[in-house]
Amino acid sequence: MIDYKKELNPAQYEAAMTLEGPLLCIAGAGSGKTRTVVYRLANMVEQGVAAHDILLLTFTRKASQEMLHRAGELLGHGIGAVSGGTFHGFAYSVLRQHPPQGFEGGLSIMDSADATEALKYCKDTMGLGKGDKSFPKTATVMGMLSKARNKEREIGDILQREAFHLAAYRDDIVQISTGYSNYKREHGLLDYDDLLFELENLLRTRPDLLDYYRHRFKYIMVDEYQDTNLVQARLVQLLAGGHRNVMAVGDDAQSIYAFRGANVQNILEFPAMFPGTRIVKLEENYRSVQPVLDLTNAILAEAPVAFHKTLFTSRTGGNLPQLVKPLSDLTQANQVVNKIAELRRSYEPKDIAVLFRAGYQSYHVEMQLSKAGIPFRKYGGVKYSDAAHVKDVMCYVRLLINPLDLPAFQRLAANVKGVGPKTALKIYEASRLADPSTLDRLLKKYPDFAKDLELVDSLRRQRLEPVEVLEEVLEVYKPRLMQLYPDDYPRREHGLEQLVQIAATYRELDLFVSDLSLEDPNPDAAASEDHITLSTVHSAKGLEWDAVLVIDLVEERFPSKQALQKADDLEEERRLMYVACTRAREYLGLFVPSSIYSRGGGGNEPAMPSPFVRDLPVYLYEEWKENYTGGLMQREYQQQRTMRLGDSVPAAPDAFSRATGGESEPAFAPRTASRKLGHCTHKIFGRGKLIKHLPPDKYQVNFPGFGLKVIMEAYLQMEE
DNA sequence: AGGCGTCGCTTTTTT
DNA sequence: AGCGACGCCT
């Protein structure tokens, strides 16, 4: 028997024990969210719930597998057939069993590269935006279309709000959008957004199926609920609408996917969607040492989040986070590598990570790490399955599943010398319309492509395992690999070996293909023990390391350039910064280069430190500057710092959470008023910004240089 | 007419 | 580094 009461804190215990009815778990960073879900799963099994009855929706398949694995360990036996994965993965698994109208002949999932290519094709064939230099790029148009669908608003609306300069192209963009939809239907293609909407449509139009799935999944858990969008919330409502045994877990402070339509309101409105929801807040942090936690709390203090939490930790000791100011982003790479070398004396490589806002920002660090012989693994940015050779090979496989998949057909054809999109389309039309004379003539002209089509046909006749299919394809494709990529074909060949390895774990071809586009498989994750991690902050979500280094903390990089315009976007960047820093257990390094290389400015340009760093009270970190010889020197302590030394947490956490959490207050109290608060002056701390009114007579105030304080109103001089 | 090489320009984040 | 426009080649 598991002693739940002993192994969980009271809030975790409550969440793990509540199995029936709707439950919302607000879990701060590092508060043992996974642990709580794991114990809850174990409890379910002990209470006699069959694994088969549980649906566990998580952000990545890896996350659901880890939860199941750990629950299995806890129970001392496997937990078996829990269904789980991402919303998109789940949607596909349902849709492949119940193909929507028009997809009976086969159904291909397009990843974002496929979708953009298809959109470009539509744009070109419709002759829109030709020769107009300021016409938005295909990728930009794709982004707008996807945003409109995710937020469920008109395209014109999105353009107006997010890209005013493109509003003039609204009609053209709407036309492209219509053309794209038709194209997808015609060729049996679904993009990521379609998966969710088609699933909703299926459940709404087929009451029998809705009923079936409601009985099939008697318990539903949704992780990272703050990153769900509107249609995902409706799917949860549909699926859990019968029994209402549904748990949502999330943290509004870690919502970082608004750009793709994630709606923080979802988590706030969960109790309204499921009346009678029990709310549990996990606020004790088990991950980070106090100095790291103090700094992350300070980042969040300025954010207007609905549930204000100040996390507290029981982890004692720990050093102050370091703020390192290299002279440029180039020397930053050296400083990062030096620091990693130093950290490796105390930590395993797998416990060290370098985080950044965008994929390209790790470029210099990657170079220096390679030079220093430190192995690393990069997450985020370009995906493994985006590599041209992987896409090439997968096109053969896609045509097996869906013969109408025109993008796949065109891509294969384009690899043959002398064939471009137009010729490919001719062959495609000729084969589809059964026009043997044209077909014969064209295939004679391009014997290489004829060979490809023969291969696909012969594979379609046989019923082979995924791995066997791949081996046959590679036999034809490998010789072509050298021809196509003479410069680096050995590296690509290695990548294809990995693809075969992945294929070997599947029995069904369509699952192999869909998984590859729905979830980056991360080929040799198992062999990553001796690798340090480089990752975008988005891809680092839900993970943690002993030592975390965040780089490029300058204006226009982090926060990113385009987020500086709108307040909402800037708040999302702040939460992103919060997510980055809360990944650290013990060491946190913030790197702020004084200049960055930019193409436009013709070399190095001075850079402003990120506002997220600028606004931090100085006593929360120690500052190191790089000198001309590449060494680091510590900045002399400022007056405030000396004054504050020996002081503990900026805001006394107990008092604060008691004052804000409030057993009497409804837990869902949006902090609407706080935005309107102004400034005040205090005799000792000087001028500060009012953050929150703590009734009846206190205010939480942020004083530059002193940080968060809770002060009696009588001691404050208010400004207008 | 369609394919292919070259030059100039611009880079967020992900299922 | 990748897209798009432009111009030359088959």
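A note on names: the letters A, B, ... follow the listed sequences, proteins ahead of strands, and every chain is numbered from 1.
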Q.
Using a 4.0 Å heavy-atom cut-off to protein, can you give one letter per nucleotide of nucleotides 2-8 of chain B, 5' to 3': B if the base is in contact, S if only the sugar-phosphate is, - if neither?
A. SSS----

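Among the atoms of the strands shown, only primed sugar atoms or phosphate atoms (P, OP1, OP2) are found under 4.0 Å from some heavy atom of A:Thr86. Nucleic acid contact class of A:Gly359 (heavy atoms, under 4.0 Å, all strands): sugar-phosphate only. Within 4.0 Å (heavy atoms only), A:Glu572 reaches no atom of the nucleic acid at all. A:Phe87 comes within 4.0 angstrom of nothing in the nucleic acid, heavy atoms only. A:Ser539 comes within contact range of the sugar-phosphate backbone alone, with a heavy-atom separation under 4.0 Å but no base atom that close.
Rounded to whole angstrom, the span from the NZ atom of A:Lys445 across to the P atom of C:dT10 amounts to 14 Å. Separating the NZ atom of A:Lys561 from the C1' atom of B:dT10 is a distance of 9 Å, rounded to the nearest angstrom. To the nearest angstrom, C1' of B:dT13 lies 16 Å from CD of A:Gln254. For the pair A:Tyr363 OH and B:dT10 P, the computed distance is 20 Å after rounding to whole Å. Atom pair A:Lys62:NZ and B:dT14:P shows a separation of 14 Å (rounding to whole Å applied). Computed from coordinates, the A:Lys541 NZ to B:dT13 P distance equals 16 Å when rounded to whole Å.
Between A:Ile532 and A:Leu369, the closest side-chain pair of non-hydrogen atoms falls below 4.5 Å.
Using the six-membered ring where Trp is involved, A:Phe90 and A:Phe217 have ring planes that are perpendicular, over 60° apart on the 30 and 60° scheme.
Applying the 5.5 angstrom centroid cut-off and the 30 degree plane-angle cut-off, the aromatic ring of A:Tyr257 is not stacked upon the base of B:dT13.
Aromatic pair A:Phe449/A:Phe409: ring centres closer than 6.0 Å. Between A:His538 and A:Phe259, the ring center distance clears the sub-6.0 Å criterion.
Between A:Thr138 and C:dG4 there is a side-chain polar atom (N or O) within less than 4.0 angstrom of OP1 or OP2. Phosphate proximity of B:dT14 to A:Thr536: present, with a side-chain N or O under 4.0 Å from OP1 or OP2.
Looking at every heavy atom in both residues, A:Gly89 comes nearest to A:Thr86 through N-OG1, 2.9 Å.
With DNA chain B read from its 5' end, the first of the two nearest nucleotides for A:Ser112 and A:Lys137 is the one closest to A:Lys137.
In this structure, of B:dT10, B:dT15, B:dT13, it is B:dT15 that holds the atom nearest to the side chain of A:His88. The listed nucleotides are B:dT15, B:dT12, B:dT10; the one nearest the side chain of A:Arg260 is B:dT15.
If you run salt bridge (Lys or Arg N to Asp or Glu O under 4.0 Å) between A:Lys184 and each of A:Asp191, A:Asp193, A:Asp405, only A:Asp191 comes through.
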Q: Carefully, step by step, assess A:Phe558 and A:Phe591 under the rule ring pair (Phe, Tyr, Trp, His ring centres under 6.0 Å).
A: CA-CA 11 Å; A:Phe558 199 161; A:Phe591 287 75; over 10 Å; no

